[in-house]
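Everything quoted here is computed from the prediction, not taken from an experiment. Counting convention: from 1, in listed order, for ligands and their atoms alike.
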Amino acid sequence: MLVSPSLLSADFGNLKRDIEMINGSEADMLHIDVMDGVFVPNISFGFPVMKYIQKVSKKPLDVHLMIVEPQKFVSEVRDCGAEIMNVHYETCVHLNRTVQQIKDAGMKAGVTLNPATPVCMLRDIVADLDLVLLMSVNPGFGGQKFIPGTLRKLEELRRLIKETGSGAVIEIDGGVNMETGRLLKDGGADILVAGNYIFSSPDPLAAIHGLKQL
Ligand code: DX5
Ligand code: ZN
């Protein structure tokens, strides 16, 4: 299983220490949650902080933009060293164009679905995507409870990817722990994001190891 720890649950007073902990862990990437207080009812951090994260992190950056009009910031996200740029389906009026812009900028393109957005909305774009991110909580906060309906969506997404010949991998974000992680593994998830489970653990390296072993 690929694991992408969410920095949202890190100790922002010790950001360098926490990023270095991830550097020394088995994590495959680092998940960066950007919130604007408009698309989601919370604000996290922006480009100056991401620039700093880029300087310290040795893991590929998996950037999850919970902002309106993400197409305005493709070059800024690229300049912060993002390997993957995830935009929400719900925020993109011209999703096909935005996906092409992300790829033209040299990044992998990911599209994220809120819990209430059906998988079928991706039918005509999924073949162009490198990644689909399914939200298993309503975006905006760490430490929420996993929404079980995500498992049915995961199954449907697997089917859609197969039918369309898409090369997209599936990432799941929200409420991931060992229990939900196992269900997601069985359902065919490729990447698990975990924030609270890792950072509230007395041994974050062991928590990452556990998820890797799923
Ligand atoms: C929620 C964020 C998540 C969040 C996950 O809006 O997109 O990445 O950090 O946190 P946990 O793993 O605590 O649910
Ligand atoms: Zn996220």
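- Looking at D33 against ligand 1, only its side chain comes within 4.0 Å, counting heavy atoms.
- Side-chain contact annotation: D33 with S44, donor-acceptor N/O pair under 3.5 Å absent.
- Numbered from 1 in the order shown, with element, the atoms of ligand 1 that lie under 4.0 Å from a heavy atom of M135 read 7 (O).
- Ion pairing between E156 and R152 holds under the 4.0 Å rule for side-chain N and carboxylate O.
- Hydrophobic clustering, with ILVMFWY side chains joined whenever heavy atoms are under 4.5 angstrom apart, groups L65 together with V49.
- Protein heavy atom in closest approach to atom 14 (O) of ligand 1: G175 N, 2.8 Å.
- Compare L192, D173, L133 by their heavy atoms: the one nearest to atom 3 (C) of ligand 1 is in D173.
- For ligand 1, the polar-atom distance check against M66 finds no nitrogen or oxygen pair separated by under 3.5 Å.
- Contact atoms of ligand 1 toward P139: 6 (O) (distance under 4.0 Å to a heavy atom of the residue).
- Scanning all protein heavy atoms for the shortest distance to atom 10 (O) of ligand 1 gives G142 CA, 3.6 Å.
- Between the side chains of N177 and T180, at least one donor N or O sits under 3.5 Å from an acceptor N or O.
- Rounding to 10 degrees gives 90° for the angle at the Zn ion (ligand 2) between OD2 of D173 and ND1 of H64.
- Atoms of ligand 1 lying under 4.0 Å from any heavy atom of N196, numbered from 1 in the order shown and given with element: 11 (P), 12 (O), 13 (O).
- Contact annotation: Y197 has no heavy atom less than 4.0 Å from any atom of ligand 1.
- Geometry about the Zn ion (ligand 2) gives an angle of 90° between NE2 of H31 and OD1 of D33, rounded in steps of 10 degrees.
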Practice problem: Please report the C-alpha distance between E83 and M29 in whole Å, then the side-chain angles of each, then the deciding distance to 0.1 Å, and finally whether the side chain to side chain contact (heavy atoms under 4.5 Å, CB included) criterion is met. | Solution: CA-CA 9 Å; E83 166 145 330; M29 48 193 111; over 6 Å; no

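- The shortest N or O to N or O distance between G140 and ligand 1 is under 3.5 Å.
- No path of Ile, Leu, Val, Met, Phe, Trp and Tyr side chains, each step under 4.5 Å between heavy atoms, connects L131 with V77, placing them in separate hydrophobic clusters.
- Between H88 and H64, the angle of the ring planes stays under 30°, which puts this pair in the parallel group of the 30/60° scheme.
- Atoms of ligand 1 found under 4.0 Å from any heavy atom of H64, numbered from 1 in the order shown, are 7 (O).
- I32 and Y197 fall within the same hydrophobic cluster, defined by Ile, Leu, Val, Met, Phe, Trp and Tyr side-chain heavy atoms under 4.5 Å apart, directly or through other members.
- For G143, a nitrogen or oxygen atom sits less than 3.5 Å from a nitrogen or oxygen atom of ligand 1, counting backbone and side chain alike.
- For ligand 1, none of its N or O atoms has an N or O atom of L8 under 3.5 Å away.
- By the 4.5 Å heavy-atom criterion applied to side chains, M66 and V34 are not counted as neighbours.
- Put simply, Y89 and I102 are part of the same group of oily side chains (I, L, V, M, F, W, Y) that touch within less than 4.5 Å, one to the next.
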